[in-house]
Amino acid sequence: MTDEFWEEQADQSRVKTDIVVAYLDAWWQIMKARATRVAYVDLYSGPGRFRDGTESTPLKVLRKALEDARLSSSLMTLFNDIEIDYSRQLEFEIQRLPGIGRLRFPPIIKHGPVSDDIEHELETAFAGVPTLSFLDPWGYKGLSANLLGRLVQGFGCDAIFFFNYNRVQSGVSNDRVEAHMRGLFGALRLAGLRDQLRALPPQERERAISRALADSLAEHGAPLMLPFKVWTPRKRISHYLCFITKNKTAYLIMKEIMAQHGWADEDGVPRLEYVPQRSGRQLQLFEVQRPIRNLGVDLARTFQGRTLQVRDVVSEHNVGTPFVKANYKKVLLEMEAKGQVACEPPADRRRKQKGRPTLADTVRVTFPPSP
């Protein structure tokens, strides 16, 4: 990243760090019952601190580990940056952290480009270890669908990466960076994307690029991608923070975290976006759409004739939608009240909150067959 980036932490950068650290904590709560060691890998780590004194992601991750004695004894970390001065500064900052000696596994600090050598080292050092990887490149060099797919292949392995939409959009049609674009999209998909973008307006280009990226990642073993859009104060797209996984539970957990850092419409449906100064035009457009209005109809059609627990309804349906668990429960309660579904136990035998029935994850919901 440029030196100017490290002068002062922008709101967009703070949100990115908050999401990564929040997911690390949630991921660890699940992994600690299943693994004796876990790993966190940051391949574009930077110097660890902004010049205004604010800690960046690596130091906040390590502080989170030091707050939990069990995580301190389980967490393996690797931090890499292409700039040797940044790696040296990060090492200095890590050694200054109070209690850093409590980590059972001292952090590995490296410098160099992200390449096959780094991939081989990760596969060797963390073989069989659930790993959360974070890739925050300034542009797109070193970022490939093959690398991202490999990072999520093992048990409990998820990845978060910075996707610089503006630079990728311009790079798709730039022959000088074609090799990098092929790494992201594949040669055939890139050729088709170039032709497609020529005829599309800006908003449609954004969706086309996002779909192409998701399809490319799915081909490389990362079937679930969840993008979080970050806007600049001038109402332009800054970048996406993308989460990839093979696990639907992990996908939903991250969606809930991203929802907490973005904004929601009047129905409580999250828009997975961070807007520093929210645009009235964007808000109005989203609220006019009111996606929750069609959720009940879609659930009835998707699950007709089936009986399943609330948590399974959410798990099976939420991928590729904006909805979180609270949205599903709200709609299912409305459907129950209208007699459109039957729940077991029924509403009069379930706990009430403020006089209204609740809907636990384990409640069984029966959807009637189609007429």
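Sequence positions, counted from 1, serve as the residue numbers for this chain.
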**Q** Tell me whether I30 shares a hydrophobic cluster with L75, the cluster being built from Ile, Leu, Val, Met, Phe, Trp, Tyr side chains joined at under 4.5 Å.
**A** yes
**Q** Hey, is the main chain of S72 close enough, under 3.5 Å, to the side chain of R102 for a donor-acceptor pair?
**A** no
**Q** Are M335 and K338 close enough, and set up right, to give a side chain to side chain contact (heavy atoms under 4.5 Å, CB included), and what steps lead you there?
**A** CA-CA 5 Å; M335 294 176 73; K338 295 175 182 177; 5.9 Å; no
**Q** Within a strict 4.5 Å, meaning less than it, do heavy atoms of the S13 and F50 side chains meet?
**A** yes
**Q** Spell out, yes or no, whether V319 and L241 are grouped together once hydrophobic residues are joined by side-chain heavy atoms under 4.5 Å, including indirect joins.
**A** yes
**Q** Hey, is K60 close enough to E55 for a salt bridge, meaning N to O under 4.0 Å?
**A**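 Looking at E55 together with K60, the answer is no, because their closest N to O distance does not fall below 4.0 Å.
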**Q** Before accepting this row, confirm whether a basic side-chain N of the pair R194/D175 lies closer than 4.0 Å to the acidic partner's carboxylate O.
**A** yes
**Q** Flag the pair L224 / N247 as yes when at least one side-chain heavy-atom distance between them is below 4.5 Å, and no otherwise.
**A** no
**Q** Under 4.0 Å between a Lys/Arg side-chain N and an Asp/Glu carboxylate O for D158 and K246?
**A**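 Looking at K246 together with D158, the answer is no, because their closest N to O distance does not fall below 4.0 Å.
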**Q** Check for a donor-acceptor pair, side chain of T17 on one end and backbone N or O of V15 on the other, with a separation under 3.5 Å.
**A**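 No; zero donor-acceptor contacts below 3.5 Å.
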**Q** OG1 of T321 to CG of D298: how many Å apart, nearest 0.5 Å?
**A** 9.0 Å
**Q** Would you say that I160 contacts D136 through its side chain, given a criterion of any heavy-atom pair below 4.5 Å between the two side chains?
**A** no
**Q** Test side chain to side chain contact (heavy atoms under 4.5 Å, CB included) on V177 and H180 and set out the steps.
**A** CA-CA 5 Å; V177 296; H180 296 297; 4.2 Å; yes
**Q** Apply salt bridge (charged side-chain N to carboxylate O under 4.0 Å, His left out) to residues R293 and D267 and explain how you reach the verdict.
**A** CA-CA 9 Å; R293 291 179 174 178; D267 299 308; 5.7 Å; no
**Q** Counting N and O atoms only, with roles assigned by atom type, does the side chain of D25 sit under 3.5 Å from a partner on the main chain of A22, one being a donor and the other an acceptor?
**A** no
**Q** Determine yes or no for a side-chain-to-main-chain donor-acceptor pair under 3.5 angstrom, with Y165 supplying the side chain and E206 the backbone.
**A**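 Yes: the side chain of Y165 pairs with the backbone of E206.
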**Q** With a 6.0 Å cut-off on ring centres, are Y23 and F243 close enough?
**A**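 Yes.
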**Q** Within a strict 4.5 Å, meaning less than it, do heavy atoms of the K325 and V313 side chains meet?
**A**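 In short, these two side chains do not touch, never coming nearer than 4.5 Å.
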**Q** Which pair of non-hydrogen atoms, one from L90 and one from G48, has the smallest distance, and what is that distance?
**A** CD1-CA, 3.6 Å
**Q** Is there a path from I237 to V230 through hydrophobic residues (I, L, V, M, F, W, Y) whose side chains come within less than 4.5 Å of each other?
**A** no
**Q** Describe, in one word, how the ring planes of F323 and Y328 are oriented to each other, choosing from parallel (under 30°), tilted (30 to 60°) and perpendicular (over 60°).
**A**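 Perpendicular.
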**Q** Is T366 close to V341 at the side-chain level, that is, under 4.5 Å between some pair of heavy atoms?
**A** no
**Q** Please round to the nearest 0.5 Å and tell me the distance separating atom CD1 of I19 and atom CD1 of I257.
**A** 8.5 Å
**Q** So, T302 side chain and L299 main chain: donor-acceptor pair closer than 3.5 Å or not?
**A** no
**Q** If I compare all heavy atoms of L295 with all of H317, which pair ends up nearest, and what's the gap?
**A** CD1-CE1, 3.6 Å
**Q** So do L24 and V61 actually touch side chain to side chain, heavy atoms under 4.5 Å?
**A** yes
**Q** Heavy-atom distance under 4.5 Å between the side chains of V324 and N318, does that happen here?
**A**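 No; the side chains remain at least 4.5 Å from each other.
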**Q** Looking only at side-chain N and O atoms, does H261 offer a donor or acceptor that is under 3.5 Å from a partner on Y274?
**A** no
**Q** Regarding T232 and S238, do their side chains bring together a donor and an acceptor under 3.5 Å, going by distance alone?
**A** no
**Q** Roughly how far apart are Y44 OH and L143 CG, rounded to 0.5 Å?
**A** 6.0 Å
**Q** Return yes when atom CZ of R356 has more than 12 non-hydrogen atoms of other residues, nucleotides or ligands closer than 6.0 Å, and no otherwise.
**A** no
**Q** Have a look at T77 and tell me which of I108, L62, V41 forms a side chain to side chain contact (heavy atoms under 4.5 Å, CB included) with it.
**A**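 For T77, the side chain to side chain contact (heavy atoms under 4.5 Å, CB included) test succeeds with only one of I108, L62, V41, which is L62.
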**Q** Flag the pair E91 and R88 as a salt bridge only when some basic side-chain nitrogen lies within less than 4.0 angstrom of an acidic carboxylate oxygen.
**A**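 So E91 does not pair with R88 through a salt bridge.
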**Q** Checking K141 side chain against V114 main chain: does a donor-acceptor pair fall under 3.5 Å?
**A**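 Flag not set: sc K141 to bb V114 has no pair under 3.5 Å.
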**Q** For the backbone of D42 and the side chain of S45, can you confirm whether one donor and one acceptor N or O come within less than 3.5 Å of each other?
**A** no
**Q** Strictly distance-based, threshold 3.5 Å: is any side-chain N or O of E256 a donor or acceptor partner for the main-chain N or O of L252?
**A** no
**Q** State, to 0.1 Å, how close F185 and I209 come at their nearest heavy-atom pair, and which atoms those are.
**A**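 Answer, listing the atom of F185 first, then I209: CE2-O, 3.9 Å.
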**Q** Check whether S74 reaches the backbone of R70 with its side chain - one donor and one acceptor, N or O, closer than 3.5 Å.
**A**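 Yes: the side chain of S74 pairs with the backbone of R70.
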**Q** Where do F79 and P107 come nearest, in terms of heavy atoms and distance?
**A**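 Closest approach of F79 to P107, heavy atoms only: CE1-CB, 4.0 Å.
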**Q** Which heavy-atom pair separates R350 from C343 by the least distance, and what is that distance?
**A**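 Minimum heavy-atom separation between R350 and C343: NH1-CB, 3.6 Å.
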**Q** Would you sort out whether E273 and F228 count as a side chain to side chain contact (heavy atoms under 4.5 Å, CB included), showing the intermediate values?
**A** CA-CA 5 Å; E273 301 183 5; F228 182 83; 5.7 Å; no
**Q** Should F134 and Y240 be counted in the same cluster of Ile, Leu, Val, Met, Phe, Trp and Tyr side chains packed under 4.5 Å apart?
**A** no
**Q** Write down the atom of P368, the atom of Q340, and the distance for their closest heavy-atom approach.
**A**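 In this case the closest contact between P368 and Q340 is CD-O, 3.2 Å.
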**Q** Is there a continuous path of hydrophobic side-chain contacts, each under 4.5 Å between heavy atoms, that joins F126 to F155?
**A**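 No.
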**Q** How many angstroms lie between OG in S216 and CG in L188, if you round to the nearest 0.5 Å?
**A** 11.0 Å
**Q** Would you say the side-chain atoms of T54 and D52 include a donor-acceptor pair closer than 3.5 Å?
**A**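 Judged by distance alone, the side chains do pair up.
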**Q** Salt-bridge test for K110 and D81: reply yes if a basic N is under 4.0 Å from a carboxylate O, no otherwise.
**A**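 Judged by the 4.0 Å cut-off on N to carboxylate O distance, K110 and D81 do not form a salt bridge.
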**Q** Any salt bridge between E316 and K248, counting N to O under 4.0 Å?
**A**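 No salt bridge links E316 with K248.
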**Q** What distance do L217 atom CG and C242 atom SG have between them, rounded to the nearest 0.5 Å?
**A**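 It comes to 8.0 Å.
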**Q** Can we say R14 and D18 salt-bridge, meaning some charged N sits less than 4.0 Å from an Asp/Glu carboxylate O?
**A** yes
**Q** Rounded to the nearest 0.5 Å, what's the gap from CG on L148 to CG on L184? Could you check?
**A**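 So the gap between those two atoms works out to 8.0 Å.
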**Q** Quick check on the 6.0 Å ring-centre criterion: do F162 and H239 meet it?
**A** yes
**Q** May I ask you to decide whether R182 forms a salt bridge with E178, counting only side-chain N to carboxylate O separations under 4.0 Å?
**A** yes
**Q** Does the side chain to side chain contact (heavy atoms under 4.5 Å, CB included) test come out yes or no for L226 and L272, once each step is laid out?
**A** CA-CA 9 Å; L226 184 64; L272 303 179; 3.7 Å; yes
**Q** Could you tell me whether a side-chain N or O of R96 sits under 3.5 Å from a main-chain N or O of F92, the two making a donor and an acceptor?
**A** no
**Q** Does the distance from a Lys or Arg side-chain N to an Asp or Glu carboxylate O, for D265 and R271, drop under 4.0 Å?
**A** no
**Q** Decide yes or no for S210 and M225: does some side-chain heavy atom of the first lie under 4.5 Å from some side-chain heavy atom of the second?
**A**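 Yes, close enough: below the 4.5 Å cut-off.
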